[in-house]
Amino acid sequence: MSDDPRDEIVEHIPALRAFALSLTRNGSLADDMVQDSLVKAWTKIAQFEPGTNMRAWLFTILRNTYYSNRRKAGREVADIDGVHTDGLSVKPAHDGHLQLADFREAFAKLNDEQREALILVGASGFSYEEAADMCGVAVGTIKSRTNRARSRLAELMHLNAEDALEMTDGATLAVVTGNRPASVS
């Protein structure tokens, strides 16, 4: 008989599997649980006291593994389609910060009338008519200034129609794209 308790572990594998099957009622899950328990036992073999009941020690590890897995499963959410995990991921903000810096530089190069039109129509969300009233000009003038300003911004930022913008705020995106800004929370 060997003095190494590891040699005795192999003898108890069939009984461990039977116990795991009685707990899980699932063959593959039982096999996984036995394997996890054996790995834990192997790595913690120094904690086993020679001369004590190896089988009881292994069954205790298996039982604790089973209940730990059950507690863990109670906290987990089944996400087969990845809907929940997609909501947890966040794109790094550095791309948006870089594009925002490019936008600010390009925006500063516009003439005063074009910047004013973009701020009123794009960032502030006023209609062309409201912006025209505020500026004391015709609606067509505001539309023209806004269109020219957006074209000039796209040119200065080297953007094509198919380029995706990743701005850090909705108001800036609205200035460039012409879409109404999202309401600020």
Side-chain angles (χ1 to χ4, degrees), residues 24 26 28-40 42-44 64-185:
T24 64
N26 179 319
S28 64
L29 188 57
D31 289 341
D32 289 345
M33 204 164 67
V34 168
Q35 182 177 353
D36 289 347
S37 299
L38 290 173
V39 168
K40 289 176 185 178
W42 194 267
T43 57
K44 302 290 185 183
N64 291 343
T65 300
Y66 172 73
Y67 285 116
S68 292
N69 289 344
R70 295 278 302 207
R71 280 191 300 276
K72 188 169 123 182
R75 294 186 303 268
E76 292 177 350
V77 175
D79 189 19
I80 296 166
D81 297 332
V83 174
H84 296 292
T85 53
D86 287 346
L88 296 175
S89 64
V90 177
K91 186 175 184 334
H94 54 75
D95 291 344
H97 290 299
L98 293 173
Q99 284 188 338
L100 184 59
D102 292 344
F103 168 78
R104 285 183 178 147
E105 184 179 321
F107 192 72
K109 292 179 181 176
L110 298 177
N111 67 39
D112 292 341
E113 292 83 14
Q114 289 176 343
R115 275 196 313 272
E116 179 182 49
L118 281 181
I119 289 171
L120 292 173
V121 174
S124 300
F126 291 108
S127 69
Y128 288 114
E129 292 78 16
E130 292 169 327
D133 285 344
M134 287 184 236
C135 294
V137 297
V139 173
T141 303
I142 288 294
K143 287 181 179 182
S144 175
R145 287 178 183 171
T146 303
N147 187 41
R148 284 194 197 122
R150 286 187 177 127
S151 296
R152 181 71 179 135
L153 275 177
E155 177 186 321
L156 291 169
M157 294 176 67
H158 309 288
L159 298 175
N160 297 319
E162 65 275 355
D163 288 342
L165 282 177
E166 297 175 13
M167 295 290 176
T168 56
D169 65 302
T172 306
L173 189 59
V175 167
V176 177
T177 64
N179 296 327
R180 294 280 181 214
S183 59
V184 179
S185 304

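Residue Ser151 holds its OG atom at 11.5 Å from CG of Leu159, rounded to the nearest 0.5 Å. With rounding to the nearest 0.5 Å, the separation of OG in Ser68 from NZ in Lys40 is 5.5 Å. Taken from CG in Asn69 to CG in Leu29, the straight-line distance is 7.5 Å, to the nearest 0.5 Å. Expressed to the nearest 0.5 Å, how far CZ of Phe103 lies from CE of Met157 amounts to 7.0 Å. Remark: Met33 CE to Leu38 CG distance equals 11.0 Å, nearest 0.5 Å. To the nearest 0.5 angstrom, Arg148 atom CZ is 7.5 Å from Gln114 atom CD.
Remark: Asp112 pairs with Arg115 by the salt bridge (Lys or Arg N to Asp or Glu O under 4.0 Å) rule, at least two apart or across chains.
Enclosure of atom NZ in Lys143 is not indicated, since only 12 or fewer non-hydrogen atoms of other residues, nucleotides or ligands lie within 6.0 angstrom.
The side-chain hydrogen bond (donor to acceptor under 3.5 Å, both in side chains) with Ser28 is formed by just one residue from the set Asn26, Asp31, Thr24; it is Asn26.
Considering every non-hydrogen atom in both Ile142 and Cys135, the closest pair reads CD1-SG, 4.0 Å. Across all non-hydrogen atoms, the minimal contact from Thr65 to Ser37 is OG1-OG, 3.6 Å.
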Intermediate values then yes/no, side chain to side chain donor-acceptor pair (under 3.5 Å), Thr141 and Arg145: CA-CA 6 Å; Thr141 303; Arg145 287 178 183 171; 5.9 Å; no
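Side-chain contact between Ile119 and Phe107 is present, with heavy atoms from C-beta onward closer than 4.5 Å. Between Leu153 and Leu118, some side-chain heavy-atom pair lies under the 4.5 Å cut-off. Side-chain contact between Glu105 and Lys109: present, with at least one pair of heavy atoms (C-beta onward) separated by less than 4.5 Å. When side chains are defined from C-beta on, Arg150 counts as touching Val121, because their heavy atoms get closer than 4.5 Å.
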